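Just so you know, residue 1 is the first one in the sequence shown, and it goes up from there. Hydrogens, waters and symmetry mates play no part in the numbers below; they use all other heavy atoms, side chains included. Just so you know, these numbers come straight off a predicted model, no measurement behind them.
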Amino acid sequence: QVQLVESGGGLVQPGGFLRLSCAASGTRTLFERMGWFRQAPGNERELVASEDSAGNTNYTDSVKGRFTISKDSTKNTVYLQMNSLKPEDTAVYYCWMYRWSNYWGQGTQVTVSS
């Protein structure tokens with residue numbers, strides 16, 4: 001059974017940084033796409049960043065220049081480096097991986113507040 005385990009969330013002041021990590025276990029499948037979604041209270045879940053097997057990345061406009069996605073395909077691990085965090089980045093962040101099916105992490109809370 002595939003499980004995605006996230007780590008790295010927490011409370012940070014505006015302008016601060018966090019690094020999220022997500023590792024897949026229970027499979028040796030190399031995922032086609034890996035990424036991060038987020039969901040704030042009252043909002044729909046949105047794609048924050050993704051990277052495909054060729055290394056092509058995609059970011060939502062609000063995080064461009066501040067967030068960086070990276071992955072280690074050999075370890076089925078994906079990272080999200082979040083810099084210059086803003087209060088509007090506050091949300092539950094979900095790890096996502098895709099190969100034939102969508103797989104989700106349990107979510108990790110990121111709170112940006114002074």
Side-chain angles (χ1 to χ4, degrees):
Q1 182 177 358
V2 177
Q3 285 189 321
L4 305 186
V5 179
E6 302 158 352
S7 60
L11 173 65
V12 64
Q13 292 187 344
F17 62 92
L18 285 173
R19 187 182 192 227
L20 305 182
S21 300
C22 175
S25 62
T27 180
R28 294 184 178 180
T29 297
L30 295 180
F31 293 93
E32 292 180 9
R33 299 190 70 89
M34 299 180 177
W36 295 88
F37 284 71
R38 67 185 179 187
Q39 187 167 20
N43 291 355
E44 294 186 353
R45 190 174 296 190
E46 66 168 347
L47 176 65
V48 177
S50 67
E51 183 171 352
D52 66 17
S53 57
N56 299 305
T57 58
N58 179 51
Y59 297 91
T60 190
D61 286 345
S62 63
V63 308
K64 287 179 180 177
R66 300 188 297 121
F67 290 11
T68 303
I69 189 171
S70 60
K71 63 179 173 59
D72 184 340
S73 297
T74 63
K75 298 180 180 179
N76 272 341
T77 301
V78 63
Y79 308 94
L80 186 67
Q81 179 67 41
M82 304 185 295
N83 297 331
S84 301
L85 282 161
K86 303 176 180 180
E88 51 263 43
D89 295 318
T90 296
V92 178
Y93 284 70
Y94 296 91
C95 171
W96 164 75
M97 298 187 186
Y98 173 81
R99 185 173 177 88
W100 301 307
S101 297
N102 291 304
Y103 299 92
W104 296 93
Q106 79 283 2
T108 185
Q109 177 69 46
V110 171
T111 302
V112 185
S113 175
S114 55

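Shortest non-hydrogen contact noted between Arg33 and Ser50 is NH2-OG, 3.1 Å. Smallest separation of non-hydrogen atoms from Ser73 and Leu30: O-CD2, 3.4 Å.
Within the 3.5 Å criterion, the main-chain N or O of Ser84 finds a donor-acceptor partner in the side chain of Arg66. In this structure, the side chain of Tyr59 engages the main chain of Ile69 through a donor-acceptor pair within 3.5 Å.
Glu51 has its side chain out of reach of Met34: every pair of non-hydrogen atoms, C-beta onward, lies at least 4.5 Å apart. Using a 4.5 Å heavy-atom threshold, the side chains of Tyr93 and Glu6 count as separate. In this structure, the side chains of Val63 and Arg38 come closer than 4.5 Å at one or more pairs of heavy atoms. Side-chain contact between Ser62 and Lys86 is absent, with no heavy-atom pair separated by less than 4.5 Å.
Of the charged side-chain nitrogens involved, at least one lies within less than 4.0 Å of a carboxylate oxygen, so that Asp61 and Lys64 count as a salt-bridged pair.
For Ser70, the side chain to side chain contact (heavy atoms under 4.5 Å, CB included) test picks out Tyr79, with sequence neighbours left out. Applying the side chain to side chain donor-acceptor pair (under 3.5 Å) criterion to Ser53, with sequence neighbours excluded, gives no partner residue. Not counting sequence neighbours, the partners of Asn56 by the side chain to side chain contact (heavy atoms under 4.5 Å, CB included) test are Asp52, Ala54.
Within a 6.0 Å radius of CD in Glu88, other residues, nucleotides and ligands contribute more than 12 heavy atoms.
The structure places CG of Asp89 at 7.5 Å from CE of Met82, a figure rounded to the nearest 0.5 Å.
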Could you go through residues 106-113 and list every donor-acceptor pair under 3.5 Å that involves a side-chain atom there, pairing it with any protein atom two or more places apart or in another chain?
{"residue": "Thr108", "atom": "OG1", "partner": "Gly9", "partner atom": "N", "Å": "3.4"}
{"residue": "Gln109", "atom": "NE2", "partner": "Ala91", "partner atom": "O", "Å": "3.4"}
{"residue": "Gln109", "atom": "NE2", "partner": "Thr111", "partner atom": "OG1", "Å": "3.3"}

When the side chains of residues 13-21 are checked against the rest of the protein, which donor-acceptor pairs come out under 3.5 Å, sequence neighbours left out?
none

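Cluster annotation: Val5 and Val78 are assigned to distinct hydrophobic clusters (Ile/Leu/Val/Met/Phe/Trp/Tyr, side-chain heavy-atom contacts under 4.5 Å, transitive). Linking ILVMFWY side-chain heavy atoms closer than 4.5 Å, directly or via other members, places Val92 and Leu85 in two distinct hydrophobic clusters.
Applying the ring pair (Phe, Tyr, Trp, His ring centres under 6.0 Å) test to pairs two or more places apart or on separate chains, those with a residue in residues 26-52 are Phe31-Tyr103, Phe37-Trp96, Phe37-Trp104.
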